[in-house]
There are 2 protein chains.
Amino acid sequence: MTGIAQRVAGFEGQLKDAGLRMTQQRRLILRVLAEADDHPDAKGIFTRAFALDPTLSLSTVYRTMKVLETQGAIERHAFEDGVSRYEHADQEHHDHLIDIESGEVIEFSSDAIEELQRRIAAELGYELVRHRLELYGRKKRPGVRGKKG
Amino acid sequence: MTGIAQRVAGFEGQLKDAGLRMTQQRRLILRVLAEADDHPDAKGIFTRAFALDPTLSLSTVYRTMKVLETQGAIERHAFEDGVSRYEHADQEHHDHLIDIESGEVIEFSSDAIEELQRRIAAELGYELVRHRLELYGRKKRPGVRGKKG
DNA sequence: TCCTTATTGCAAATGTTTCGCAACTGCATT
DNA sequence: AATGCAGTTGCGAAACATTTGCAATAAGGA
Ligand SMILES: [Mn+2]
Ligand SMILES: [Mn+2]
Ligand SMILES: [Zn+2]
Ligand SMILES: [Zn+2]
């Protein structure tokens with residue numbers, strides 16, 4: 001919902017408060033991130049940004065992702081393949097379902113499962129701080145119902 | 001519940017069926033794995049096994065873990081720190097809660113959450129094949145109840 | 001025991017992410 | 001607009017976990 005410009009401006013403020021600078025590179029990466037509707041890894045972000053500014057380096061992408069993560073501007077995920085994937089954090093919490101055939105990542109959120117996780121942790125004597133939930137599935141062919149169908 | 005000897009014997013059969021061999025190294029690693037009650041990584045397994053046979057190499061541990069995983073004899077997990085951790089697969093499915101202060105890994109299982117995940121996937125048009133669920137929490141101090149306590 | 005081939009140890013290669021460092025630039029201040 | 005101090009960047013090298021090529025070794029059926 002928030003526009004790119006506003007988001008960049010808002011982030012600029014956060015940086016300033018932390019004594020950090022808004023550089024061309026950060027602006028560029030922020031833009032790439034804002035325009036992304038998937039979950040790119042560092043190399044993917046680099047590729048997209050590099051197309052707009054071929055002086056950018058991959059190191060800077062990594063460093064920027066760290067800054068953005070610290071500022072809470074992005075979230076980092078590590079799905080099965082192990083590499084870090086990023087997405088902007090201006091949306092509310094959600095988890096992911098990965099299509100094991102296509103690799104497509106589908107977002108979902110469920111209050112019920114969030115609550116259940118909290119309860120499970122509590123029963124074990126823990127306060128839930130964060131969690132990682134990934135579902136790996138295969139697309140159901142329409143028309144095929146459950147075992148008893 | 002299953003004894004180490006039986007487990008090794010059973011695995012030997014699986015290997016044979018796959019045209020693979022039961023080597024000293026595999027026997028050793030299997031033993032280390034069977035005696036482990038935690039979730040060691042490759043280096044951890046190597047260290048324990050190396051103590052019993054200092055001719056073993058780390059490569060062999062990695063290769064063996066791959067074979068064992070393919071045979072379904074072990075499970076591999078990758079918690080937040082990124083490295084692969086292993087455990088024998090002779091117990092029923094469970095998920096993990098990690099104490100973010102001590103690093104301790106607590107196992108738990110919940111039919112409710114398993115079912116809920118299946119339902120969520122189904123609602124998105126997917127058949128759930130596997131999942132990853134990790135809870136990261138902090139030990140509650142006894143005597144301190146919820147916000148309204 | 002012999003033979004075939006799976007397996008091993010070693011070192012080198014990978015792939016991802018981090019780091020040291022000198023050059024560069026944002027930006028607050030003259 | 002010019003100055004100066006950090007914070008930042010690009011580059012190459014390092015770090016780290018894991019994989020792989022290869023020649024030597026050993027499992028296990030004949
Ligand atoms: Mn997402
Ligand atoms: Mn476990
Ligand atoms: Zn969630
Ligand atoms: Zn589960």
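Heavy-atom basis, side chains included; hydrogens, waters and symmetry copies ignored. Every chain is numbered from 1, with letters handed out A, B, ... down the list of sequences.
- Counting only N and O atoms by type, the side chains of B:E107 and B:H39 include a donor and acceptor under 3.5 Å apart.
- A donor-acceptor contact under 3.5 Å is formed by the side chain of B:R63 with the base of C:dG9.
- Between the CD atom of B:E69 and the C1' atom of D:dT18 there is a distance of 13 Å, rounded to whole Å.
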Where protein sits on nucleotides 23-30 of chain D, one letter per nucleotide: B base, S sugar-phosphate only, - none, heavy atoms under 4.0 Å: ---BBS--

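- Rounded to an integer number of Å, the gap from CG of A:L15 to C1' of C:dT25 is 15 Å.
- Heavy-atom contacts from other residues, nucleotides or ligands closer than 6.0 Å to CG of A:D111 number 12 or fewer.
- Here the closest heavy-atom approach between residue B:I45 and residue B:P40 is recorded as CG1-CG, 3.8 Å.
- As rounded to whole Å, 16 Å separates atom C1' of D:dG7 from atom CG of A:D17.
- Checked by distance alone, B:S59 brings a side-chain donor or acceptor within 3.5 Å of a matching partner on the base of C:dA11.
- The minimum heavy-atom distance between B:L128 and B:A121, with the atom names listed, is CB-CB, 4.0 Å.
- D:dG10 atom P lies 9 Å from atom CZ of A:F46, rounded to whole Å.
- No engagement by B:G82 is indicated, since no non-hydrogen atom pair under 4.0 Å with the nucleic acid exists.
- Residues meeting the salt bridge (charged side-chain N to carboxylate O under 4.0 Å, His left out) test with A:R63, sequence neighbours left out: none.
- Distance, A:I45 CD1 to C:dT16 C1': 14 Å, rounded to whole Å.
- Using a 4.0 Å cut-off, some side-chain N or O of B:S84 falls inside it from OP1 or OP2 of D:dT18.
- Look at OH on A:Y62: it is 18 Å from C1' on C:dG20, rounded to the nearest Å.
- Summarising the geometry of B:F46 relative to B:S57, their closest heavy-atom pair is CE1-C, 3.6 Å, with the distance given to 0.1 Å.
- Atom CG of B:L58 and atom P of C:dT8 are 13 Å apart (whole Å).
- A:H94 and A:F108 get closest at one heavy-atom pair: CB-O, 3.2 Å.
- The cationic group of A:R130 lies under 6.0 Å from the six-membered ring centre of B:Y136 and within 45° of the ring axis, placing it in a cation-pi geometry.
- Checking the phosphate oxygens (OP1, OP2) of D:dT8, a side-chain nitrogen or oxygen of A:R26 falls inside 4.0 Å.
- Between A:K139 and A:E101, none of the side-chain N atoms (NZ, or NE/NH1/NH2) sits under 4.0 Å from a carboxylate O, so this pair counts as no salt bridge.
- Atom CG in A:L28 sits roughly 16 Å away from atom P in D:dT8 (whole-Å rounding).
- Proximity of residues 48-56 of chain A to DNA chain C (heavy atom under 4.0 angstrom from any strand atom) is not detected for any residue.
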